[in-house]
Amino acid sequence: MSLWILPHLIGRGLVMKGIRLRSLKTVAALRCNSADSKFLSPGIRQHLFRNQDHLVNNETNHSKPLENTFQIPPLQGNIQSHVQELSERQASKYRSLLNSLALATFPPIPDKWIFEAGWTCYKVGLEPQRVEYPDEDALHFDAEVCVRASFAPVLATAVSPTAWYSWVSPALTQPSEVQSKVVCVKDLIPLGNQDKKPRVVIGHFVCYDSARIQECYDLPVSGLKFFDTMAAHVSVSGLTDLQRYFLLRAPNKPNWAELACGNSLSQLHLLYCGSEIDKSERDIFVKGTMSDIAERFQELCSYCALDVQATHSVFSKLFPLYLERFPHGATLSALLDMSSMFIPVTGDYENVMDRISQTSAAEDEEVKMLLLELAGDALSLMDNQKYRHDPWMWDQDWSVSTKKTKNGPNHPKWYKKFLSQVSVQSSGELDVQINFRKNIAAKLMQLCWGSFPLHHEVEHGWGMLLPAMKASADQENNVPVESITKLCKSFSPQPRMSSVPTLKDYVSLQSGVLASNSGVAEGQKGFKAEKSVQFDIQNGLVFKKLPHYISMERNVGGALSMNILTNSCLRSGNYKAKKILNILRKNIFWKRSGKLFENLPVVWFDRDCSMGAVVPSISVCGDFIRLPKEPFFSSLCSEPINTLGTDISQVMKAPEGWCFISANIPQTDIWMASLLADSVKGNYCSTPLGQMYVDGSLYSTVSEHMKMTVLQSALLVHAVLYGANKRYLAKMLREINPALGEFSVHQKIDRLLEFLCGCPYPPKANNDIVPKGVFSNLQLLFREASESKIIKTPILQSRLSRVLESDGQKYFSLIQHWLIRSSVADYLHVLMAIFQDLFPTARLCTVGSHDMHIKYLVHEDKKYQAAKSLHVAHLYAKAFCASQVGFSDVPQVAAELPFVTLSSHFKADVSSFTIKLTFQEALIHTENDCSNKKNDQF
């Protein structure tokens, strides 16, 4: 049965597998217990929820509410019917085009392709004909590039029910001896600018293709949209990253393997169509030259056409499944819109890139020199064998070779290994190359985890050394127990200082939780059996493994790896080492993303490269949760301004006459969880989670209960909300406080889970759920969902991936994660649909899922109207979500965005002009704008 059924009969209780929800007539009479809670004003609530008497009416305190002192855009009926109507209006024409293409038959692939620049049309029974562009409303399309030359397309094929088309680049038909890496709009593929006329292009990972189409670089919004078969597949049959890894590599396939596959076109064709396709010709485009491609033009054009044909075969099977599982128009509309986003770039791009690269190289050199100085400092430990008492260097090889060295004095063997290469320059100075990723670097830097010195064991990877509660029977003297113990007791572990979790915290948290709950860890090749995370190493010392971001079963291979480096528990008391850590941490973003930006496909509007744009390479549905993933621009938005590489945002400037508008939407996961929890009881603030969300007291309450910082409590709350198992929570607690013993770790976990969920956790049945936990009502909802044959979100009735739906009991924790995050994805899709309806000329730039933000380009003279529209769209989207679970009110904390940002640059921190507008301020500016056009702050 479907989990989500909204009751329409007043006075009748709703029963879900033994869980009786309160009678709606009774619920409507209830009042919120908190006199301090703020909800919508009566006028706005009546405007949004008119004629929805079956919904719960919360007559709560309305102190300082959103006042109905302005003209709210009219609704088509109430908020539910309004969103349904506008979504259908946006999606219906494209759905019809896609349906027609899914049912169509296509002409055979031409026997011979015309090797001439531009488009050629091939119709059965007619001679090939040159055309300006395919004059079609719907196309399957695929473009190919010569990777060694540039990212510009060299050929493309497309098909409609009436004809095949081929496009050939002039650079292929008329090769030049000097090949420019600069790509202009004219080098791309034209599909014809037909203004607002609905047209749709279908491709696999279609943002790769859309980035090579001329019309995607037009600033005005057009009717040309793109449908991605990979995104549709991930929605229908998506996996976690770890499940995909084992599906591709495990010798014994899991029981869900027949419903799943990887994301490549060949794998999709095998899953949905039952046969493989030949991709061997692809290597020519990767490794070959323009001449190689021209010589084999006929075969390669046919290869491209076969990809188009395969895409249609997959699409015709997949699209009906997609519509069945995701029926709402807002879902389809968002998928179409996100496949061709747009980010402008100025002509300073190359200069800024060079400056960042030079800074990165200079700081790399500084790190090497600092490490060399630390190595020189460590050599002083040879005096009187002081190294025997050093907490880090005691286990290194201090033996000195008797053989005379050519370029200098003899050094210990560890030092020689540390220097990967030493050469003598013409000036006579030594040129030293240092590999700071070798294990010795962490020792020289005197790294600690909290207050505990790091140590490396070959079998267990990196860990820390702690004083044992009881001394070991071993009395060997090669371990400096006294020095290490003194160091550990000299100061307390340093907690994280910030009270606000960063994007990286949540990205790491979600990937770790998903991996730990993927149901593939036991008995699969590549996983070790669980071992003790601590053991006596010598005479009163204990070795504890550093926390791997997935689980303690895995070893941390590098003390300066990304996931360890970003954790502020990693520290050093050495001044030079602190400087190294600061540099490495500041440079993480560029080290991780610099190559992506160096290879960014910037398309220039003309040959003088004064202005250009990027169509980001985005996975519209990054995984089975259906939120978008984009490797660079989303994370750039949240990076601190002093991070190396964020300078690149200086060149992402709005074109003249345009302005960036953006909004960060806080706590979407907690809001959705509280909404769903309260829906079980039938009234706002009727559950502890609902009340804490409205009061803003959730993290502080957990912090006080667990005796932790607010940041640590926030991360633990989200981990439990996402369905983290006890093993992963133990990993987090060891990370928070390395001094905790195993008994204390598990004691704290039980205390946390009892407070949040009741016991036991996870619940095996409904009668296991104890109502005293903050999340207990959610647990009821999650358990009900996992026992259903059809699992849907309550917001847009979106279905769970077929893989996870096949065994809800086994994947309870993943379903818990999905139900929250996928409902948030529904909210995002509704927000986009409403804003597009209110402000149709806005050009989508980027969407972030982890910290939930959205950014558009709008006309500068309409920027205040756009800001008001985004505020209103957020209010409408939140109201719609509330109405979908039976409420006719919205807490003010959820209804209002903190502010909408207007800026001249992509990243507001570097912008010369930035305005942050609350809802009321946006209204004032809009009214002033309408009355006169003076005092423009831009």
Side-chain angles (χ1 to χ4, degrees), residues 86 90 94 185 188 191-201 206-207 210-226 228 333-346 600-605 611-618 620 628 630 632-634 636-637 649 651-663 828-829 831-848 853-874 900-908 911 913 938:
L86 71 87
Q90 292 172 12
Y94 293 98
V185 172
L188 306 184
L191 284 183
N193 188 338
Q194 300 188 31
D195 198 22
K196 303 293 184 182
K197 180 183 178 182
R199 293 185 297 156
V200 66
V201 173
V206 77
C207 65
S210 65
R212 288 153 180 85
I213 291 174
Q214 289 184 9
E215 286 69 27
C216 290
Y217 295 86
D218 293 338
L219 266 171
V221 177
S222 75
L224 179 62
K225 307 286 186 183
F226 296 85
D228 188 2
S333 181
L335 184 144
L336 294 172
D337 285 341
M338 285 191 284
S339 293
S340 58
M341 298 191 292
F342 176 97
I343 297 174
V345 174
T346 69
L600 201 63
V602 179
V603 174
W604 302 101
F605 296 151
M611 196 71 192
V614 175
V615 171
S617 179
I618 183 173
V620 177
E630 188 275 319
F632 189 86
F633 292 101
S634 293
L636 176 63
C637 289
S649 57
V651 305
M652 299 174 194
K653 185 178 179 181
E656 185 176 353
W658 292 76
C659 172
F660 283 107
I661 176 174
S662 62
L828 175 64
H829 297 163
L831 172 68
M832 292 175 64
I834 296 173
F835 183 67
Q836 181 183 336
D837 183 65
L838 292 172
F839 208 88
T841 59
R843 188 78 154 85
L844 182 63
C845 293
T846 187
V847 178
H853 67 267
I854 192 163
K855 193 181 297 286
Y856 291 90
L857 272 170
V858 299
H859 289 288
E860 188 176 348
D861 59 351
K862 301 289 186 182
K863 58 182 178 288
Y864 296 122
Q865 294 179 37
K868 185 189 100 168
S869 296
L870 193 50
H871 274 294
V872 170
H874 170 76
V900 168
T901 302
L902 303 174
S903 64
S904 60
H905 288 70
F906 180 82
K907 189 171 175 65
S911 182
F913 308 99
F938 279 83

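Side chains are part of it too, since the values below use all heavy atoms of this structure and drop only hydrogens, waters and symmetry mates.
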Could you tell me the separation between the [atom1] atom of [X] and the [atom2] atom of [Y], rounded to the nearest 0.5 Å?
X: Cys216; Y: Met341; atom1: SG; atom2: CE; result: 12.0 Å
X: Asp195; Y: Leu224; atom1: CG; atom2: CG; result: 12.0 Å
X: Ile618; Y: Phe632; atom1: CD1; atom2: CZ; result: 14.5 Å
X: Ser869; Y: Ile661; atom1: OG; atom2: CD1; result: 7.5 Å
X: Ile343; Y: Ser649; atom1: CD1; atom2: OG; result: 11.0 Å
X: Met832; Y: Leu336; atom1: CE; atom2: CG; result: 10.0 Å

Check whether any side-chain heavy atom of [X] sits under 4.5 Å from a side-chain heavy atom of [Y], and report yes or no.
X: Thr841; Y: Lys862; value: no
X: Phe660; Y: Thr901; value: no
X: Pro344; Y: Met611; value: yes
X: Tyr856; Y: Phe839; value: no
X: Pro628; Y: Leu828; value: yes
X: Leu844; Y: Ile854; value: yes
X: Leu902; Y: Tyr864; value: yes
X: Lys225; Y: Ser333; value: no

Is there a donor-acceptor contact under 3.5 Å from the side chain of [X] to the main chain of [Y]?
X: Lys868; Y: Gln865; result: no
X: Tyr217; Y: Ala211; result: yes
X: Lys907; Y: Leu636; result: yes
X: Gln214; Y: Leu188; result: yes
X: Glu630; Y: Thr846; result: no
X: Ser634; Y: Val847; result: yes

Non-hydrogen atoms of [X] and [Y] that approach each other most closely:
X: Tyr94; Y: Pro198; value: OH-CA, 3.6 Å
X: Ser340; Y: Val615; value: CA-CG1, 4.2 Å
X: Cys207; Y: Pro616; value: CB-O, 4.1 Å
X: Ala866; Y: Phe835; value: O-CE1, 3.6 Å
X: Leu857; Y: Ala654; value: CD2-CB, 3.8 Å
X: Val221; Y: Ala842; value: CG2-O, 3.2 Å

**Prompt:** With sequence neighbours excluded, what pairs up with Phe605 under the ring-ring contact (aromatic ring centres under 6.0 Å, His included) test?
**Reply:**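 Counting only residues at least two positions away or on another chain, Phe605 forms no ring-ring contact (aromatic ring centres under 6.0 Å, His included).
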**Prompt:** Under the side chain to side chain contact (heavy atoms under 4.5 Å, CB included) criterion, do Phe633 and Leu600 qualify, and how do the steps go?
**Reply:** CA-CA 11 Å; Phe633 292 101; Leu600 201 63; 3.8 Å; yes
**Item:** Pairs where residues 832-846 contributes a residue and the test salt bridge (charged side-chain N to carboxylate O under 4.0 Å, His left out) is met, not counting sequence neighbours
**Value:**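 As it turns out, the salt bridge (charged side-chain N to carboxylate O under 4.0 Å, His left out) pairs with a partner in residues 832-846, which skip direct neighbours, are Arg89-Asp837.
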**Item:** side chain to side chain contact (heavy atoms under 4.5 Å, CB included) evaluation trace for Ile834 with His874
**Value:** CA-CA 8 Å; Ile834 296 173; His874 170 76; over 6 Å; no
